[in-house]
Amino acid sequence: MEDCLFCKIIAGKIPAKKVYEDEHLVAIEDIAPVAPVHVLLIPRKHSVNSLDLQPDDNSLIGHVFQVASKLARDLGVADQGFRIVNNNNAGAGQSVFHIHFHLLAGREFHWPPG
């Protein structure tokens with residue numbers, strides 16, 4: 001998408017601190033972190049949110065979770081616990097309309113969130 005912030009980051013048109021990159025996704029540090037570890041996992045394929053996903057995206061979403069687990073281990077937060085969050089539409093907190101997942105860790109989280 002021409003005007004999508006995350007598509008521009010993926011294309012290298014906007015700088016971001018990348019912590020992981022492969023042919024399917026890019027992971028960057030969030031510019032406004034809400035936890036000591038706050039990484040955004042952004043699929044290269046533009047989908048608005050989970051409502052936009054198709055059956056052929058199943059392996060991509062599985063890959064996102066595998067990479068999130070790898071990053072949690074690499075960042076030393078896997079054993080203490082971490083959260084993976086996906087917001088869908090503005091009422092749930094989605095502000096960039098390109099599907100992405102937040103890897104949050106490094107502090108205690110409470111339930112329910114929000």
Side-chain angles (χ1 to χ4, degrees):
M1 304 286 327
E2 191 173 296
D3 59 342
C4 172
L5 173 67
F6 288 164
C7 287
K8 290 177 182 177
I9 289 172
I10 290 167
K13 296 177 181 177
I14 295 176
K17 187 168 181 187
K18 293 179 184 175
V19 296
Y20 180 89
E21 183 173 17
D22 67 22
E23 65 273 13
H24 303 292
L25 66 91
V26 172
I28 63 172
E29 290 185 2
D30 194 292
I31 62 168
V34 298
V37 173
H38 190 165
V39 174
L40 301 178
L41 295 105
I42 310 165
R44 291 181 182 275
K45 178 184 176 186
H46 182 92
S47 298
V48 172
N49 56 36
S50 67
L51 299 168
D52 202 23
L53 295 174
Q54 301 299 313
D56 62 344
D57 295 317
N58 291 347
S59 63
L60 171 63
I61 301 309
H63 182 65
V64 168
F65 278 80
Q66 290 174 339
V67 170
S69 295
K70 176 194 178 335
L71 289 172
R73 286 186 199 95
D74 292 350
L75 296 168
V77 297
D79 290 341
Q80 74 183 47
F82 61 97
R83 186 171 281 176
I84 301 169
V85 176
N86 170 250
N87 300 315
N88 292 277
N89 286 327
Q94 185 178 11
S95 60
V96 178
F97 292 89
H98 179 128
I99 195 168
H100 59 284
F101 298 80
H102 300 256
L103 170 62
L104 303 165
R107 68 171 172 84
E108 187 174 332
F109 294 101
H110 301 281
W111 195 260

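This is a predicted model, so every value here is computed, not measured. Numbering of residues begins at 1 and proceeds along the displayed sequence.
- One distance of note links CG of Leu60 with CZ of Phe65; it measures 11.0 Å at 0.5 Å rounding.
- Hydrophobic clustering of Ile, Leu, Val, Met, Phe, Trp and Tyr side chains at less than 4.5 Å, counting indirect connections, keeps Val19 apart from Val26.
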Set out, in order, the CA-CA distance, both residues' side-chain angles and the distance that settles side chain to side chain contact (heavy atoms under 4.5 Å, CB included) for Ile28 and Lys18, then state yes or no. CA-CA 4 Å; Ile28 63 172; Lys18 293 179 184 175; 4.0 Å; yes

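- Here the straight-line distance linking atom NE2 of His46 with atom CD1 of Ile10 works out to 9.5 Å at 0.5 Å rounding.
- Here the straight-line distance linking atom NZ of Lys70 with atom CG of Leu75 works out to 9.0 Å at 0.5 Å rounding.
- The environment of CD1 in Ile31 is sparse: at most 12 heavy-atom neighbours from other residues, nucleotides or ligands sit within 6.0 Å.
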How far apart are the C-alpha atoms of Phe97 and Asn89, what are their side-chain angles, what is the distance that settles it, and do they pass the side chain to side chain contact (heavy atoms under 4.5 Å, CB included) test? CA-CA 8 Å; Phe97 292 89; Asn89 286 327; 4.0 Å; yes

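- Smallest separation of non-hydrogen atoms from Asp22 and His24: OD1-N, 2.7 Å.
- Shortest non-hydrogen contact noted between Ile99 and Asn49 is CD1-C, 3.7 Å.
- Taking each heavy atom of Val39 and Ala27 in turn, the nearest pair found is CG1-CB, 3.8 Å.
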Step by step, work out the side chain to side chain contact (heavy atoms under 4.5 Å, CB included) result for Leu41 and Leu71. CA-CA 10 Å; Leu41 295 105; Leu71 289 172; 4.1 Å; yes

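- Contact record, Phe109 with Leu104: CZ-CB, 3.5 Å, taken as the closest heavy-atom pair.
- Checked options Leu5, Ile9, Ile42; the residue passing with His98 is Ile42 (criterion: side-chain contact (heavy atoms from CB on, under 4.5 Å)).
- Taking CG of Leu103 as the reference point, atom CD of Glu29 lies at 11.0 Å (rounded to 0.5 Å).
- Under the 4.5 Å side-chain heavy-atom criterion for grouping Ile, Leu, Val, Met, Phe, Trp and Tyr, Phe101 is connected to Phe82 within one hydrophobic cluster.
- Shown here is Asn58, whose CG atom has more than 12 heavy atoms of other residues, nucleotides or ligands within 6.0 Å.
- Counting non-hydrogen atoms of neighbouring residues, nucleotides and ligands closer than 6.0 angstrom, the CZ atom of Arg73 reaches no more than 12 such neighbours.
- The two atoms that bring Lys45 and Asp56 nearest to each other are NZ-OD1, 4.3 Å, heavy atoms only.
- Ring geometry, His63 versus Tyr20: the interplanar angle falls from 30° to 60°, so the pair is classed tilted.
- For the atom pair His102 NE2 and His38 NE2, the distance stands at 5.0 Å (nearest 0.5 Å).
- Following chains of ILVMFWY side-chain contacts shorter than 4.5 Å, one cannot reach Phe6 starting from Val48, and the two form parts of different hydrophobic clusters.
- Between Ile61 atom CD1 and Leu25 atom CG the span is 9.5 Å, to the nearest 0.5 Å.
- Residue Gly106 comes nearest to Pro36 through the heavy atom pair O-CG, 3.3 Å, listed as atom of the first residue, atom of the second, then distance.
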